[in-house]
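First the structure, in the form of structure tokens, and then the observations on it.
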Amino acid sequence: MKQLIFTMPGAQQLAEDIADQLGLPIGQLKEHIFPDGETLFRVLTPVSDAHIILVARLDNPDAKTLRLFLLAEGFRQQGAETVTLVAPYLPYMRQDIAFHTGEVISAEVFAKLISERFDRLVTVDPHLHRFLSLGDLYDIPAQIASAAAPMANWIKRNASAPIICGPDAESEQWASKIASALDAPFFTLKKVRKGDDEVEISLPNFDFGKAESIVLVDDIVSSGATMLQTIRSIRKASPDLDIICCFVHCLASPETLNQLRGAGAHTIASTNSIMSSVSNIDVASEITELLAPIGASSS
Ligand code: R5P
């Protein structure tokens, strides 16, 4: 079976790491942006009868999705057998309910658009909250790589005697896994969101015991409001704890990260699902593990 890895602009290094680990070649593309802003892709490596793995970083999705679709459909026009999407960050998952009358449930729409164009999806820790599995949203096989082990390894190296803390109920799924990998205590806070960048956090009574550091674990940091309030609450409750933030997906701007540092975050890290100045936890191997069986069964 012929297999090729292609990269959407912006995911080159991750795609190369996955290609190296799978021993697969990287296909070549050329991209041209016309003066009117339209994109023309040219697929330079023949894809006829090939199984394609397309690696894409889908933060800022509105600017990237049409180009992703142009490429996926382009592979099919040229005879590709299947197209698998590797999107380490899966966008639109937080819009999983109509909070107010008339709101579009974008998670469903996005899942439909992807399912119509790809044969399979591989992602890293998507924000599953009101939908409990990707199968409830996506009509194609969808697999989840977990960032818990590489995050736990990073914490082991960077935090001494840590307590793990999730800022809200949803974060328990990540915080508990990481805490159990580290054999560390964990607790979660209560969060009420008042707006895009306004949240209220309440801290339960918790005995910090002999902990020297606290690692605030969340799947996503975006406006930073959740983390900012969490850091402030922790500082108030236990001013001597070393505060470390560890995220799966960092959507925050450099200014927001600096705000977190200013509030008391000593160290910040996230996975490389999205590129930022703090994305130093590599999840390429976790993704490769899910892709490898296809290669094995094909030879
Ligand atoms: C929400 O449930 C997520 O797990 C994160 O807590 C949230 O997306 C963080 O967003 P922000 O940084 O804008 O507060």
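In each ligand, atom 1 is the first atom listed, and ligand 1 is the first ligand listed. We're numbering straight along the sequence, starting at 1.
At a threshold of 4.0 Å, the pair K112-E116 counts as salt-bridged, since one of the basic side-chain nitrogens sits closer than that to a carboxylate oxygen.
A donor-acceptor pair shorter than 3.5 Å cannot be found between the side chains of T288 and S285. If you check the side chains of D17 and Q21, you find no donor sitting under 3.5 Å from an acceptor.
Of the listed residues (D197, D168, T226), the one carrying the non-hydrogen atom nearest atom 14 (O) of ligand 1 is T226. With distances taken over non-hydrogen atoms, the option nearest atom 3 (C) of ligand 1 out of D219, L260, L228, I220 is D219. For the residues E170, M227, H249, R193, the heavy atom positioned nearest atom 2 (O) of ligand 1 is part of E170.
From the protein, the heavy atom lying nearest to atom 8 (O) of ligand 1 is R94 NH1, 2.7 Å. Protein heavy atom closest to atom 5 (C) of ligand 1, with residue, atom name and distance, is D218 OD2, 3.3 Å. Counting protein heavy atoms only, atom 1 (C) of ligand 1 is closest to H127 CE1, 3.6 Å. Among all protein heavy atoms, the one lying closest to atom 13 (O) of ligand 1 is S223 OG, 2.6 Å.
Contact annotation: the side chain of D62 approaches that of Y92 to within less than 4.5 Å [non-hydrogen atoms, C-beta and beyond].
Ligand 1 places these atoms under 4.0 Å from at least one heavy atom of V221: 12 (O).
Residues passing the ring-ring contact (aromatic ring centres under 6.0 Å, His included) test with H100, sequence neighbours excluded: none.
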Hey, mind stepping through D119 and R76 against salt bridge (Lys or Arg N to Asp or Glu O under 4.0 Å) and telling me if it holds? CA-CA 11 Å; D119 297 282; R76 291 194 197 283; 2.9 Å; yes
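Ring geometry, F187 versus F206: the interplanar angle falls under 30°, so the pair is classed parallel (tilted spans 30 to 60°).
Annotation: G224 places an N or O atom under 3.5 Å from an N or O atom of ligand 1; distance criterion only.
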Validation: residues 244-255 side-chain donor-acceptor distances under 3.5 Å, sequence neighbours left out:
residue : atom : partner : partner atom : Å
H249    : ND1  : S273    : OG           : 2.7
H249    : NE2  : V124    : O            : 3.1
H249    : NE2  : D125    : O            : 3.1
S253    : OG   : E255    : OE1          : 3.3
S253    : OG   : T256    : N            : 3.1
S253    : OG   : T256    : OG1          : 3.0

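Judged by the shortest distance from any of its heavy atoms, P167 lies outside the 4.0 Å radius around the atoms of ligand 1.
Heavy atoms of H129 found under 4.0 angstrom from ligand 1: none, in either backbone or side chain.
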